[in-house]
Amino acid sequence: MKENSIIISFYNSYPITSGSSAVTTAFFNSWPGKKKLFLMNHETEIKKKNIYNLKIRSNNSFIKFLYLIPYLIFIYLKIKKVDIKYIIFEGASWTGFIYISYLFFIALRIKAKFIYHAHNVDFFFRKKNIFISSLSFYFEKKILQNFYISTSVSKADFTTFKSLFKIKTKILPNGIEVKKKKIKKKINEKYIIFSGSLEYKQNKRIFDKLLKNEFKILKKYIPEIKIYHSGGGKIKFYKNNKNIIEFGTLSFHNYLNLLTNSLCVIIPGSSVTGTKIKIIEALCYDKPVFANQKSLKGIQSKFNKYFVYKDLNEFEKKIQKFKRNKYTISHLKLIGKYFRENYSMKNIV
């Protein structure tokens, strides 16, 4: 008899519109046995077997908090007649939502094993607000103490969890679901791609850094180059900038078409914990990537020398080599094969 599992997220985890949703969707599709995915999605209606969405007004954290109990009741009504073996919480949202949900199911005497699938160390994202930071530390520690299994995406996050909370996690790297048909097509048009909602402050900071630094260097060598941006949100931040084309939310199929036909992917430095799923994704599809070493936290690879730069001077040298076709097809295929083997969610799970 196949075991029943439910996977619970507190954000737009399906369809794929972000790095976090790519991880959750791949994780759900790769998880064995009978399963259901629950999510809060404020953008689209979901019509997919075993995927259940509670439509909310917006992605605002306060709105989510108001919807939390209705959401949990919504989930309970879907599972109350089913013997659930595992309840898996996706950790791309505030840990307060997760721990309150855990207490809700415990109060209802749901006899499942709870798993915390962390996408990062949540406490680090809440440091600016002392009150929220203290709550986050408490909730995250309680989760790690009480759940059957808690995971971390990398050795770095494993060490951070252990240092902060004195608890060992299981390392479950972030990965993606690779669409093999998309690997073959490479037109290499004169644009780079940046994905992720710019309404999310961290993405906006990284994008502005790209625009101010790396993109200026790239234009010295490829004057006609543009940035194609995809990601959620209704605001167009750069509609008057002729170098930037903002597509808004794309289907995953259309996003992959943009990615596989792009010239390359550039990821400026970011000290945020977790892993940069867009780096993994691009490399899995044999695309040239240039990533600052700060963005490589959590990504283990023997090929880093081909795509990692420590500063803008080194970035410019790599772009010069790239322009002279030194980034060879054979290297890209070798790197792509390595990442598909090691960062395919099917293999990881």
Side-chain angles (χ1 to χ4, degrees), residues 5-13 18-20 23-24 27 38-40 54 56 58-76 84 86-174 200-202 270-275 297-298:
S5 305
I6 64 170
I7 298 172
I8 300 173
S9 66
F10 300 90
Y11 65 99
N12 295 7
S13 58
S18 65
S20 296
V23 171
T24 297
F27 182 75
F38 292 92
L39 61 141
M40 292 177 167
L54 180 70
I56 59 175
S58 79
N59 203 37
N60 178 273
S61 295
F62 181 69
I63 296 295
K64 286 184 178 181
F65 186 77
L66 292 179
Y67 275 90
L68 181 58
I69 296 303
Y71 181 47
L72 295 176
I73 294 171
F74 170 75
I75 294 171
Y76 175 69
I84 300 297
Y86 299 108
I87 296 179
I88 305 163
F89 289 99
E90 290 294 286
S93 297
W94 185 45
T95 44
F97 294 142
I98 296 171
Y99 191 63
I100 292 168
S101 302
Y102 164 76
L103 294 178
F104 176 87
F105 290 118
I106 291 295
L108 292 175
R109 298 183 179 180
I110 301 293
K111 295 180 180 179
K113 293 182 177 180
F114 293 89
I115 296 175
Y116 174 45
H117 178 206
H119 290 209
N120 48 53
V121 182
D122 183 66
F123 169 68
F124 278 145
F125 286 87
R126 318 296 170 184
K127 283 188 173 182
K128 290 183 179 179
N129 184 307
I130 295 175
F131 176 68
I132 296 296
S133 175
S134 299
L135 281 178
S136 299
F137 185 89
Y138 172 81
F139 289 137
E140 200 155 18
K141 185 171 184 178
K142 283 292 185 180
I143 288 167
L144 296 179
Q145 287 174 335
N146 289 288
F147 276 34
Y148 173 64
I149 290 174
S150 293
T151 69
S152 50
V153 298
S154 65
K155 288 181 180 178
D157 278 15
F158 172 90
T159 302
T160 302
F161 276 127
K162 188 178 177 183
S163 174
L164 284 172
F165 306 109
K166 315 302 179 191
I167 295 169
K168 291 182 178 180
T169 54
K170 301 288 185 181
I171 296 178
L172 181 76
N174 275 343
Y200 177 46
K201 291 180 180 178
Q202 180 62 32
S270 171
S271 58
V272 175
T273 57
T275 54
K297 287 183 179 179

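Throughout, residue positions are numbered sequentially from 1 according to the sequence presented. When reading the values below, keep in mind they use all heavy atoms of this one structure, side chains included, and skip hydrogens, waters and symmetry mates.
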> Could you measure the distance from the CG atom of Leu172 to the OG1 atom of Thr151? Nearest 0.5 Å is fine.
5.0 Å
> Should the ring pair Phe114 and Phe105 be called parallel, tilted or perpendicular, given that the plane angle runs from 0 to 90° and is split at 30 and 60?
tilted
> For residues 161-171, which residue pairs pass the side chain to side chain donor-acceptor pair (under 3.5 Å) check, not counting sequence neighbours?
Ser152-Thr169
> So, do Phe89 and Phe97 have ring centers that fall under 6.0 Å from each other?
no
> Given the rule in the ring-ring contact (aromatic ring centres under 6.0 Å, His included) test, do Tyr71 and Phe38 qualify, once you have shown the distances and angles that lead to the verdict?
CA-CA 9 Å; Tyr71 181 47; Phe38 292 92; 7.2 Å; no
> About how many Å separate CG of Leu108 and CG of Leu103, when rounded to the nearest 0.5 Å?
11.0 Å
> Return the CD1 to CD1 distance between Ile115 and Ile143, rounded to the nearest 0.5 Å.
13.5 Å
> Please report the C-alpha distance between Lys64 and Tyr11 in whole Å, then the side-chain angles of each, then the deciding distance to 0.1 Å, and finally whether the side chain to side chain contact (heavy atoms under 4.5 Å, CB included) criterion is met.
CA-CA 9 Å; Lys64 286 184 178 181; Tyr11 65 99; 3.7 Å; yes
> For Ile63 and Ser58, work out which heavy atoms get closest and say how close.
CG1-OG, 3.6 Å
> Taking the inter-plane angle between the rings of Phe137 and Phe123 on a 0 to 90° scale, is it parallel (under 30°), tilted (30 to 60°) or perpendicular (over 60°)?
perpendicular
> Between atom CG of Asn12 and atom CD1 of Ile56, what is the distance when rounded to the nearest 0.5 Å?
7.0 Å
> Could you measure the distance from the CG atom of Leu39 to the CG atom of Leu54? Nearest 0.5 Å is fine.
9.0 Å
> Hey, could you give me the CD1/CD1 distance between Ile98 and Ile87, rounded to the nearest 0.5 Å?
12.5 Å
> Enumerate the side chain to side chain donor-acceptor pair (under 3.5 Å) contacts for residues 90-115, please, sequence neighbours excluded, ordered by first and then second residue.
Thr24-Glu90, Glu90-His117, Glu90-His119, Trp94-Ser136, Thr95-Asp122
> Could you tell me how the ring of Tyr116 sits relative to the ring of Phe161: parallel (under 30°), tilted (30 to 60°) or perpendicular (over 60°)?
perpendicular
> Can you name the closest pair of heavy atoms from Ile132 and Asn129 and give their distance?
N-OD1, 3.0 Å
> Show your working on side chain to side chain contact (heavy atoms under 4.5 Å, CB included) between Glu140 and Val121 and close with a plain yes or no.
CA-CA 9 Å; Glu140 200 155 18; Val121 182; 4.2 Å; yes
> Might you work through the side chain to side chain contact (heavy atoms under 4.5 Å, CB included) test for Phe104 and Ile73, ending with a clear yes or no?
CA-CA 9 Å; Phe104 176 87; Ile73 294 171; 4.3 Å; yes
